[in-house]
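Here is the structure we will look at.
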Amino acid sequence: MSTTGATDPLAALGALPGVPESVESVRKAVDRVYGHRIMRRRSNEITSEAALRGARGSAALSGADWALEEVRRRTDFSSDDEARTVGAALRLTAEAGQLLSIWRQSPLRVLARLHLVAAAASDPRVGRPRQDGEPVEEPLVELALPDAAEVSGRLEGLSRLIVAGGPAPALVTAAVVHGELLALRPFGSHNGLVARAAQRIVLVGSGLDPKAICSAEVGHAELGRAAYVAALDGYVSGTPQGMAAWIAHCGRAVELGVRESTAVCEALQRGAA
């Protein structure tokens, strides 16, 4: 993502062909689920269930595709790599809500904290951007790896955009944060999990989804890993068409997350009838 050539690059992305329609479609979908009668009485339950399902979806994209009931049942997440991935996703989902007030002032501090929470290891590389020559473990993304200088520069640019704020729609900002972190893979591990947690923070903190019930992670998992990687390729290409396709993909993921929470609302309503 280039941060030069426009006063507000994120706002410019919001004007790409097809993006305004995606933004409006997401807004309407979110408004509908927030207007559900169950949300007036049992929103905390919807939030908790969305968090669980979102963590499951994010873990699935990182190679640990567990059934929802297994995630719900399990208490030990240390037995193997898949279990540790699911545990990291659950921790990140819980932590994201605690970092909303810090994000707009210090996004890089939040990203460092997210990596610390995900890795849960006493390693000097945890919680800081990687240095040249340090390996990166990211099972899904196989794009060329930017060097440490590029990572540092682009993270600083992204941070400036977030702190400055602007008129860009929440969907656009969330998609760019998500795509940039996946493209850069700034940490030695757990970059996908951190990127999706950062997207959640943007969507919630922007006010689009203040109760965190529209889990984009659910939608990304439903759309599938192949579609996720293909859309990311569009983002990394930097072309208007590729960027627009990535934003639209992220919008569709949010809408599928809305559909999931709507189904939870309907199930609770039937149970209360």
Side-chain angles (χ1 to χ4, degrees), residues 1-33 54 57-58 61 103-104 107 111 140-141 143 154-155 157-162 164-185 191-192 194-209 212 214-260:
M1 182 193 68
S2 172
T3 59
T4 62
T7 302
D8 185 347
L10 296 182
L13 292 177
L16 289 174
V19 171
E21 292 80 3
S22 293
V23 168
E24 181 65 11
S25 180
V26 165
R27 187 191 64 77
K28 288 180 177 178
V30 172
D31 285 348
R32 282 195 298 272
V33 71
S58 190
L61 287 170
W103 175 255
R104 286 298 296 270
L111 293 176
L140 181 62
V141 181
L143 299 166
R154 286 171 65 174
L155 283 177
L158 184 64
S159 177
R160 287 193 298 271
L161 287 173
I162 293 165
L171 172 64
V172 172
T173 303
V176 167
V177 167
H178 186 172
E180 211 44 14
L181 293 174
L182 283 177
L184 295 176
R185 281 144 294 158
N191 289 288
V194 168
R196 291 183 288 274
Q199 176 184 251
R200 170 181 284 265
I201 288 172
V202 174
L203 293 173
V204 174
S206 68
L208 177 66
D209 180 23
C214 307
S215 297
E217 304 97 319
V218 169
H220 284 301
E222 184 171 338
L223 290 167
R225 298 174 79 185
Y228 188 66
V229 170
L232 177 63
D233 285 343
Y235 177 85
V236 172
S237 75
T239 65
Q241 297 85 354
M243 298 288 281
W246 169 251
I247 295 168
H249 184 86
C250 290
R252 181 59 180 151
V254 175
E255 291 184 67
L256 290 171
V258 168
R259 187 178 71 179
E260 186 91 350

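As a basis for the values below, the full set of heavy atoms in this structure was taken, side chains included, without hydrogen atoms, waters or symmetry mates. As the structure is a prediction and not an experimental result, all values here were calculated from the model.
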Here the pair of heavy atoms bringing Asp209 nearest to Cys214 is OD2-N, 3.0 Å
On a heavy-atom basis, the closest approach of Gly14 and Val172 is CA-CG2, 3.8 Å
OG (Ser159) and CZ (Arg104) are apart, to the nearest 0.5 Å, by 11.0 Å
Distance col, row Leu16:CG vs Glu21:CD, nearest 0.5 angstrom, shows 11.0 Å
Exercise for the section: For the pair His249 and Tyr228, name the ring-plane relationship: parallel under 30°, tilted 30 to 60°, perpendicular over 60°. Expected result: tilted
Exercise. Begin with the C-alpha distance, continue with both residues' side-chain angles, and end with the deciding distance and a verdict on side chain to side chain contact (heavy atoms under 4.5 Å, CB included) for Val19 and Leu13.
Key: CA-CA 8 Å; Val19 171; Leu13 292 177; over 6 Å; no
For Val258 and Ala29 the tightest heavy-atom approach is CG1-O, 3.4 Å
In sequence, state the C-alpha distance, the side-chain angles, and the governing distance for Ile162 and Val177, and then conclude on side chain to side chain contact (heavy atoms under 4.5 Å, CB included). CA-CA 9 Å; Ile162 293 165; Val177 167; 3.9 Å; yes
In terms of heavy-atom contacts, Ala198 and Leu181 come closest through CB-CD1, 3.8 Å
| request: Could you tell me whether the side chain of Ile247 reaches within less than 4.5 Å of the side chain of Tyr235, counting heavy atoms only? | output: no
Here the gap from Leu184 atom CG to Leu158 atom CG, rounded to the nearest 0.5 Å, amounts to 8.0 Å
Whether the side chain of Ser25 engages the backbone of Ser22 through a donor-acceptor N/O pair (distance < 3.5 Å, no angle test) should be reported.
no
Under 3.5 Å, side chain of Arg185 to main-chain N/O of Leu143, donor-acceptor pair present? yes
Minimum side-chain heavy-atom gap Trp103-Val202 below 4.5 Å: yes
- prompt: Does Arg196 use its side chain to pair, donor to acceptor, with the backbone of Val194 at less than 3.5 Å?
  reply: no
Interatomic distance, CG@Leu61 vs CG@Leu223, rounded to 0.5 Å, equals 9.5 Å
Nearest heavy-atom approach of Val218 to Gly54 is CG2-N, 3.8 Å
Rounded to the nearest 0.5 Å, the CZ atom of Arg32 sits from the CD atom of Glu255 at a distance of 7.5 Å
Open item on the list: Does any part of the side chain of Thr173, heavy atoms only, come nearer than 4.5 Å to the side chain of Ser206, both counted from C-beta?
Closed with: no
pair Arg225-Leu140: side-chain heavy atoms closer than 4.5 Å
yes
Shortest non-hydrogen pair, Val26 vs Gly251, comes out as CG2-O, 3.4 Å
From the list Arg200, Glu260, His220, side chain to side chain donor-acceptor pair (under 3.5 Å) with Ser215 holds only for Arg200
